[in-house]
Amino acid sequence: MAADDRLDDVLNPTLLMGEGNLVAQVHRALRTAIVEVRLRPGAALSEKDIARCLNVSKTPIREALIRLVEERLVTVVPKSGTRVAPINIERFREGCFARLHIEVAAVAQAAALRSDEDIIRMKANLSRQRAALDNEAYWEFFLCDEQFHALILKAAGLKGLVPIMEVAKVEVDRIRSLKNRLGVRRTETVIGQHEEIVDAIAARDPGRASAAIRNHLGEVDKRIWELGEDHALWSYIESVSRPQPKTQIGIAG
């Protein structure tokens, strides 16, 4: 898989036009590039080069990198350098576990508490998923999928869990992005499962909703073992998870 290791191909000043202060914007730009695997695991992250690409000083870069270290998306080797963290299977397991158990409970609550507006938003989201699939806009589909699961939490009265889940499942999202880049997709199946979930929530049937989302997300061990079913995917994960030789590690600044 060809990943965009060159910072110039990934980062530019237009990425800093969103909400929040400069540190938040830099953090979001770097985090998105890492989660989308446009900055591949092991890629060097030089404060100087990032500052040049984004046309900002090194101070917000340094603070954004500290946040990414806390999220375990970036690693720092003293006197050696700063790199995108390798893909970690244990973190993937943790993310799968958190997502499964929180969303199984949340979807049952959503079925009990949902409003008509919640169902309308979910139906509209399903339409956008279908349009993205028809247009082969797979990254747009990914974003719609993310929004769909956030809508479930909001319908359950648990919107405060949305940012918490983003952190908890970050390794899940990196592997999902990697699958997308490698062409490992099950989009048609996913849409059908999403429709079953919405139907159960609309029917105010907590038991059916929980069963539908459990079927959709899959049991944790199964999710782990599935990684080995695609040779290219597992080969890539193994290749980027190996420690980098010290002679190849760049200086952080």
Side-chain angles (χ1 to χ4, degrees), residues 35-36 89-134 137-180 184-230 233:
V35 172
E36 292 179 6
I89 299 303
E90 284 307 308
R91 282 197 73 194
F92 177 72
R93 174 186 287 277
E94 291 168 2
C96 290
F97 183 92
R99 193 180 191 204
L100 175 65
H101 291 280
I102 288 174
E103 292 201 31
V104 165
V107 79
Q109 187 158 304
L113 300 179
R114 63 86 174 161
S115 66
D116 289 342
E117 288 81 1
D118 290 322
I119 300 303
I120 291 169
R121 293 187 188 101
M122 291 180 190
K123 295 277 189 180
N125 179 277
L126 288 174
S127 295
R128 290 193 292 273
Q129 289 180 40
R130 178 64 64 186
L133 179 57
D134 291 343
Y138 296 113
W139 184 248
E140 180 64 27
F141 181 89
F142 177 89
L143 295 177
C144 288
D145 183 284
E146 288 290 284
Q147 185 186 45
F148 177 79
H149 287 271
L151 287 172
I152 292 172
L153 293 176
K154 292 174 182 176
L158 301 169
K159 66 179 181 179
L161 286 181
V162 174
I164 295 173
M165 285 297 295
E166 286 179 356
V167 175
K169 68 184 185 66
V170 68
E171 209 73 347
V172 177
D173 289 339
R174 282 218 286 175
I175 288 183
R176 288 172 64 203
S177 296
L178 179 56
K179 287 180 176 181
N180 186 46
V184 181
R185 306 183 183 103
R186 58 186 193 100
T187 44
E188 190 66 50
T189 299
V190 166
I191 290 178
Q193 292 173 344
H194 284 173
E195 290 171 342
E196 291 176 4
I197 293 166
V198 173
D199 288 346
I201 294 173
R204 300 189 186 278
D205 188 333
R208 183 154 64 93
S210 293
I213 205 163
R214 185 177 289 277
N215 177 61
H216 172 54
L217 295 177
E219 297 300 330
V220 175
D221 284 342
K222 182 180 178 181
R223 293 292 305 279
I224 302 296
W225 299 333
E226 283 177 348
L227 296 178
E229 295 178 357
D230 186 282
L233 174 65

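- Contact between Glu219 and Arg214 at its shortest, heavy atoms only, is OE2-NH1, 3.1 Å.
- Judged as a ring-ring contact (aromatic ring centres under 6.0 Å, His included), and not counting sequence neighbours, the contacts of Phe148 are His194.
- Note that CD1 of Ile201 and CZ of Arg208 are 10.0 Å apart. Values are rounded to the nearest 0.5 Å.
- Minimum heavy-atom separation, Cys144 to Gln129: CB-CG, 3.7 Å.
- For the salt bridge (charged side-chain N to carboxylate O under 4.0 Å, His left out) test, residues two or more places apart in sequence or in another chain that qualify with Glu146 are Lys169, Arg176.
- Using modelled atom types and a 3.5 Å distance limit, the side chains of Asp118 and Ser115 yield a donor-acceptor pair.
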For a quick test of your reading: what N or O donor-acceptor pairs under 3.5 Å do the side chains of residues 94-101 make, sequence neighbours left out?
unit_1, atom_1, unit_2, atom_2, d
Arg99, NE, Glu103, OE2, 3.3
Arg99, NH2, His149, NE2, 3.3

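- Note that CZ of Phe141 is 5.5 Å distant from OG1 of Thr187, once rounded to the nearest 0.5 Å.
- Considering all non-hydrogen atoms of both residues, Leu233 and Lys179 come closest at CD2-CE, 3.8 Å.
- Distance check: Ile224 CD1 to Ile175 CD1 gives 7.5 Å after rounding to the nearest 0.5 Å.
- Rounding to the nearest 0.5 angstrom, the gap separating the CD1 atom in Ile102 from the CG atom in Leu217 is 11.0 Å.
- Remark: Glu90 engages no residue in a salt bridge (charged side-chain N to carboxylate O under 4.0 Å, His left out) (not counting sequence neighbours).
- Nearest approach of Gly218 to Arg223, heavy atoms of both residues: O-CG, 4.1 Å.
- No side-chain heavy atom of Ile197 sits less than 4.5 Å from a side-chain heavy atom of Met122.
- Here the side chains of Gln193 and Glu188 are not in contact, with every heavy-atom distance at 4.5 Å or above.
- Every residue two or more places apart in sequence or in another chain that forms a salt bridge (charged side-chain N to carboxylate O under 4.0 Å, His left out) with Asp221 is listed here: Arg93.
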Item to complete: Any chance you could lay out the side chain to side chain contact (heavy atoms under 4.5 Å, CB included) test for Arg128 and Leu143, step after step, and finish with the verdict?
Response: CA-CA 10 Å; Arg128 290 193 292 273; Leu143 295 177; over 6 Å; no

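- When all heavy atoms are compared, the tightest approach of Ala200 to Ala111 is O-CB, 4.3 Å.
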Do any side-chain atoms of residues 150-168 form donor-acceptor pairs under 3.5 angstrom with protein atoms, and if so which ones, sequence neighbours left out?
none

